[in-house]
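Working notes, structure below.
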Amino acid sequence: METVKSQEDIVNLENNRIEGNPEITNSNISFKGSNNVLYCEGNVKIVGATFLFEGSNSIVYLSSAQHSQYSFTLVIYNDSTFFIGRDNNMSAPININIQENQNVIIGADCSISSGVNIRTSDIYPIYEAQSKKRINYAKSVFIGDHVWIGHLAYISRGSKIGSGSIIENYSFIPHNANVFSNSLVVGNPAKIEKKDVFFIKEFLGYHRAEDSLNTKDYKSDVFIYEFVNHETLDLNGIDQILKDLNVDDRLEFIQKLFVRNKRKNRFAIR
């Protein structure tokens, strides 16, 4: 097993690699397998984090986060991909578990609150008694741009959450759920409380009475998302491509489709 606890340890890796120059503080990055890649853009701070590469041939891509740091626990197994876009706000603890050759893709400008769990698979297989066939197959998770995930929310295998959505505190997103863009979802299991809503990342804690009055209207459509031909991505198709590519080709594909592609409605779900 190879372990990295500081920037100085990166040069000692032989069977895995870390690309970029992340700041690593009070963190543990361990590789049990081989041919794994941790790719870090500029302005990546890994603080109080645990990244466990439990298998081989997986990629973790951390985008620039100028006003936040990566402090979550990530466990990733074989032939899987984790991508998170730029300028997300994250509050520890956050737990992400990627099993059974699946992927987790998170867009840009999201707010992910403390206690959030994201999983691509259950811990154990479940079988139907009469047919003896498995009923809880693993599936990848997609979370769009500008999504607000509240405290202690649970995102299950196969969930797709469209850009501009709001997941209320303590909500449970059931497996294979599609959350339409600009939806407010609440509950266990989560249901749509209101459609066609949006939020802005303006912290209200320091607002005085006159500041709150200024929030009563918002005149822009910048956070309203819609399906657009040749702009909105085919998430199922992308998921399969990621699973078919080797590590280096997958990294190039990620940079082309998720980094250089900045189209507003890329993760819209309608």
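All of these numbers come straight from a predicted model, not from anything done at the bench. Reckoned from all heavy atoms, side chains included, excluding hydrogens, waters and symmetry mates.
Neither side chain, Glu2 nor Asn12, offers a donor N or O lying under 3.5 Å from an acceptor on the other. Side-chain contact check for Arg86 and Gln66: no donor-acceptor pair (N or O, by modelled atom type) lies under 3.5 Å. Side-chain atoms of Gln240 and Asp244 form a donor-acceptor pair, as typed in the model, at a separation below 3.5 Å. Using modelled atom types and a 3.5 Å distance limit, the side chains of Ser156 and Arg119 yield no donor-acceptor pair. Side-chain contact, Ser171 with Glu168: no donor N or O sits under 3.5 Å from an acceptor N or O. With 3.5 Å as the limit, one finds a donor-acceptor pair spanning the side chains of Glu100 and Ser121. Using a 3.5 Å distance cut-off with no hydrogens or angles, the side chains of Glu41 and Ser64 do not pair a donor with an acceptor. Checking Asp239 against Asn103 by side-chain atom types alone, a donor-acceptor pair falls below 3.5 Å. For the 3.5 Å distance criterion, the side chains of Asn178 and Arg270 fail to qualify, holding no donor opposite an acceptor.
Of the inter-residue distances, the one linking Asn15 atom CG with Lys32 atom NZ reads 15.5 Å to the nearest 0.5 angstrom. Distance CD1/Ile18 to SG/Cys40: 6.5 Å, rounded to 0.5 Å. Once rounded to the nearest 0.5 Å, the distance linking CD1 of Ile46 with CD1 of Ile24 reads 5.0 Å. Between Leu242 atom CG and Asp249 atom CG the span is 11.5 Å, to the nearest 0.5 Å. Here the OG atom belonging to Ser163 is positioned 10.0 Å from the CG atom belonging to Asp109, to the nearest 0.5 angstrom.
Nearest approach of Leu62 to Val44, heavy atoms of both residues: O-CG2, 3.6 Å. The shortest heavy-atom contact between Ser181 and Ala268 is OG-CA, 3.4 Å. Across all non-hydrogen atoms, the minimal contact from Ser159 to Pro174 is OG-O, 3.4 Å. Of all heavy-atom pairs spanning Asn36 and Phe31, the tightest one is CB-CD2, 3.9 Å. Between Val247 and Val37, the closest heavy-atom pair is CG1-CG2, 3.5 Å. Of all heavy-atom pairs spanning Val116 and Ile118, the tightest one is CG1-CG1, 4.0 Å.
Using a 4.0 Å cut-off between charged side-chain N and carboxylate O, Arg17 and Glu19 make a salt bridge. Using a 4.0 Å cut-off between charged side-chain N and carboxylate O, Glu231 and Lys264 make no salt bridge. In this structure, Asp145 does not pair ionically with Lys201, as no charged nitrogen and carboxylate oxygen lie closer than 4.0 Å.
Side chain of Asn261 to backbone of Arg263: a donor-acceptor contact under 3.5 angstrom is found. Between the Ser183 side chain and the Ser165 main chain, no donor and acceptor come within less than 3.5 Å of each other. Of the possible donor and acceptor atoms, one in the side chain of Gln7 sits under 3.5 Å from a partner among the backbone N and O of Pro22. Under the 3.5 Å distance criterion, the side-chain polar atoms of Glu23 are left unmatched by any main-chain donor or acceptor of Lys45. One N or O on the side chain of Ser27 and one on the backbone of Gly48 form a donor-acceptor pair closer than 3.5 Å. Side-chain atoms of Asn169 come within 3.5 Å of backbone N or O of His151 as a donor-acceptor pair. Not one N or O on the side chain of Asn16 forms a donor-acceptor pair closer than 3.5 Å with the backbone of Leu13. The closest donor-acceptor contact from the side chain of Asp211 to the backbone of His207 lies at 3.5 Å or more, if one exists at all.
At least one side-chain heavy atom of Tyr61 sits under 4.5 Å from a side-chain heavy atom of Leu251. No side-chain heavy atom of Thr3 sits under 4.5 Å from any side-chain heavy atom of Asp9. Using a 4.5 Å cut-off on side-chain heavy atoms (C-beta onward), Leu233 and Phe142 make no contact. Contact annotation: the side chain of Thr120 approaches that of Val104 to within less than 4.5 Å [non-hydrogen atoms, C-beta and beyond]. For the pair Thr73/Ile96, no side-chain contact is recorded, criterion being any heavy-atom separation below 4.5 Å from C-beta on.
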### Task
Apply the test side chain to side chain contact (heavy atoms under 4.5 Å, CB included) to residues Ile161 and Ile155: give CA-CA distance (whole Å), side-chain angles for both, the deciding distance (0.1 Å), then the verdict.
CA-CA 9 Å; Ile161 301 175; Ile155 314 299; 3.9 Å; yes
### Query
Given Lys160 and Asn236, is the side-chain hydrogen bond (donor to acceptor under 3.5 Å, both in side chains) satisfied, shown in steps?
CA-CA 10 Å; Lys160 295 182 178 70; Asn236 291 328; 3.1 Å; yes
### Query
Does the side chain to side chain contact (heavy atoms under 4.5 Å, CB included) test come out yes or no for Ser58 and Tyr77, once each step is laid out?
CA-CA 7 Å; Ser58 288; Tyr77 289 82; over 6 Å; no
### Query
Run the side chain to side chain contact (heavy atoms under 4.5 Å, CB included) check on Ile238 and Leu257 step by step: do they pass?
CA-CA 9 Å; Ile238 289 167; Leu257 204 63; 3.3 Å; yes
### Query
Would Asn136 and Tyr124 satisfy side chain to side chain contact (heavy atoms under 4.5 Å, CB included), going step by step from the backbone distance to the final call?
CA-CA 9 Å; Asn136 66 331; Tyr124 304 119; over 6 Å; no
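The 12-atom threshold is exceeded at CZ of Phe253, counting heavy atoms of other residues, nucleotides or ligands nearer than 6.0 Å. Residue Glu128 qualifies as enclosed at atom CD: its count of foreign heavy atoms under 6.0 Å is above 12. Residue Lys262 qualifies as enclosed at atom NZ: its count of foreign heavy atoms under 6.0 Å is above 12. Within 6.0 Å of CD on Glu210 lie more than 12 heavy atoms contributed by other residues, nucleotides or ligands. Applying the 6.0 Å contact sphere to CZ of Phe223 captures more than 12 heavy atoms from other residues, nucleotides or ligands.
Ring centroids of His146 and Phe198 are separated by 6.0 Å or more, keeping the two rings apart. No close placement of the Phe267 and Tyr225 rings is indicated, their centers lying 6.0 Å or farther apart. Here Phe82 and Phe72 bring their ring centres to under 6.0 angstrom of each other.
For Arg134 and Tyr137, the positive end sits near the middle of the six-membered ring, less than 6.0 Å away and at most 45° from its axis.
Leu245 and Phe83 fall within the same hydrophobic cluster, where Ile, Leu, Val, Met, Phe, Trp and Tyr residues are linked whenever their side-chain heavy atoms come under 4.5 Å apart, directly or through other members. Note on Val60: it clusters hydrophobically with Met90, by side-chain heavy-atom contacts below 4.5 Å among ILVMFWY residues.
Considering Asn117, Val75, Leu74 as possible partners of Asn95, the one that fulfils the side chain to side chain contact (heavy atoms under 4.5 Å, CB included) test is Asn117.
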